[in-house]
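Structure, as structure tokens:
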There are 2 protein chains.
Amino acid sequence: MAIIRNTIAKKAVFEIIQLNKTAMSQTEIFAKVNNICDRVTVYRILERLVKEVKIHKIVNINGVINYAPCNSCSHEQHLHHDHLHFSCTTCKKLTCIADNHIELNIPSNYQVAEVFLTVSGICPDCIIMA
Amino acid sequence: MAIIRNTIAKKAVFEIIQLNKTAMSQTEIFAKVNNICDRVTVYRILERLVKEVKIHKIVNINGVINYAPCNSCSHEQHLHHDHLHFSCTTCKKLTCIADNHIELNIPSNYQVAEVFLTVSGICPDCIIMA
DNA sequence: TTTATAAACGCAACAATGTTGCATAATTGT
DNA sequence: ACAATTATGCAACATTGTTGCGTTTATAAA
């Protein structure tokens, strides 16, 4: 029903997310949009992009919500959970790692929607630093 | 070094977590302690219980941190990730589901610490209601 | 039982993240 | 160019979590 508008701010936010290798929080994204819009607008744009399945929402292990592009993962793939998130405890970066197909063993009276698989640890960049 | 004290508030918080079937947030736990202590104290007690490996911390898909007892899962089991969390999108309850052993396919230059596996969907109770 | 000591607490204040209402601005189909 | 309605800015608020500091309390030792 609703007509989707492609505004300047929305394009900017989407581009920032797409160009970044790791997932980003609203705070990080807002810092990069260079006052092109209000921080509330960033929240609302992110909400819309999620609804349009252009980006997806990932909760980091500290509870902060991050956003990553839906490039490699189609909606179906995402649903069939063959991708995983690595959360670095040192630099706090959240990275997508593909090719992880997992088998679940959930009682049939549960209705599964999405699978979130996050692994914490130290990423290659931070191991080198140590 | 530090001597661990077993205070009234700590006992109450631990009991609340143990008696509850699903994981609970600080807000829910605080609501149940009946003003036996300050909300800050609840946060600090939870912190201590996590450190003592009596309870564990789980981030729900909305970013809220929840706490569950470490009954069935020993620290080692937890590390070897054979248990999973089901996050109901309707009632927001977070339930532990055992017997889920998963194989990971992560590049060797990542150093893995912990595995967090959360599945969203609708829990049996909410399916009945619908 | 009393006392010393460090752990635990309460309170107040702060910080970060996310949400809502409403008036105004901007995009898009016609 | 215009109308319709989507998107935005601003202000205010809500929730969750944290910190500092003076006071209270649990515990071990006297």
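The chains referred to below are lettered A, B, ... by the order of the sequence lines, with proteins before strands, and numbering in each begins at 1.
For the atom pair CG (A/Leu117) and CG (A/Leu84), the distance works out to 4.0 Å, reported to the nearest 0.5 Å.
Here the closest non-hydrogen pair linking B/Val64 and B/Ser25 is CG1-CB, 3.8 Å.
Residue B/Ile58 is found in a hydrophobic cluster whose other members, listed by chain and number, are B/Leu94; membership requires side-chain heavy atoms under 4.5 Å apart, directly or through intermediates.
Taking atom CD of A/Glu47 as the reference point, atom P of D/dT6 lies 15 Å away to the nearest angstrom. The distance from atom NZ of B/Lys11 to atom C1' of D/dT27 is 12 Å, rounded to the nearest whole Å. With rounding to whole Å, A/Ile4 atom CD1 is found 17 Å from D/dA4 atom C1'. Atom pair A/Leu46:CG and D/dA7:P shows a separation of 14 Å (rounding to whole Å applied). Distance B/Lys92 NZ to D/dT15 C1': 15 Å, rounded to the nearest Å. Atom C1' of nucleotide C/dC9 and atom CD1 of B/Ile45 are separated by 9 Å, given to the nearest angstrom. Atom CZ of B/Phe30 is separated from atom P of D/dT16 by 12 Å (rounded to the nearest Å). Separating the CG atom of A/Asn6 from the P atom of C/dT28 is a distance of 7 Å, rounded to the nearest angstrom.
An OP1 or OP2 oxygen of D/dA7 is reached within less than 4.0 angstrom by a side-chain nitrogen or oxygen of A/Arg48. Between B/Thr7 and C/dC9 there is a side-chain N or O to OP1 or OP2 distance below 4.0 Å. Look at A/Thr41 and you won't find any side-chain N or O under 4.0 angstrom from OP1 or OP2 of D/dA7.
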What side-chain donor-acceptor pairs closer than 3.5 Å can you find for residues 32-41 of chain B, not counting sequence neighbours?
| from | atom 1 | to | atom 2 | distance (Å) |
| --- | --- | --- | --- | --- |
| B/Asp38 | OD2 | B/Val40 | N | 3.0 |

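When each of C/dT27, D/dG9, C/dG10 is scored by its nearest atom to the side-chain atoms of A/Asp38, the top-ranked nucleotide is D/dG9. For A/Ala9, taking side-chain heavy atoms from C-beta onward, the closest of the listed nucleotides D/dT8, C/dA7, C/dC9 is D/dT8. Comparing C/dA6, C/dC22, C/dA26 by their closest approach to the side chain of A/Arg5 singles out C/dA26.
Axis orientation changes by 40° from one end of the helix from C/dT1-D/dA30 to C/dT30-D/dA1 to the other, with each end axis drawn from 5 pairs and the value rounded to 10°.
Listed by chain and number, the residues in a side-chain hydrogen bond (donor to acceptor under 3.5 Å, both in side chains) with B/Glu47 amount to none (sequence neighbours excluded).
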Which pairs, protein N/O on one side and nucleotides 1-4 of chain C N/O on the other, fall under 3.5 Å?
none

Using the 3.5 Å cut-off, write out each protein N or O paired with an N or O of nucleotides 15-18 of chain C and the distance between them.
| from | atom 1 | to | atom 2 | distance (Å) |
| --- | --- | --- | --- | --- |
| C/dT17 | OP2 | A/Thr27 | OG1 | 3.1 |
| C/dG18 | OP2 | A/Tyr43 | OH | 3.0 |
| C/dG18 | N7 | A/Arg39 | NH1 | 3.3 |
| C/dG18 | O6 | A/Arg39 | NH2 | 2.6 |

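Ion pairing between B/Lys10 and B/Glu52 holds under the 4.0 Å rule for side-chain N and carboxylate O. At a threshold of 4.0 Å, the pair A/Glu114-A/Lys57 does not count as salt-bridged, since none of the basic side-chain nitrogens sits closer than that to a carboxylate oxygen.
Considering B/Asn66, B/Thr22, B/Asn60 in turn, B/Asn60 is the only one that fulfils the side chain to side chain donor-acceptor pair (under 3.5 Å) rule with B/Ser87.
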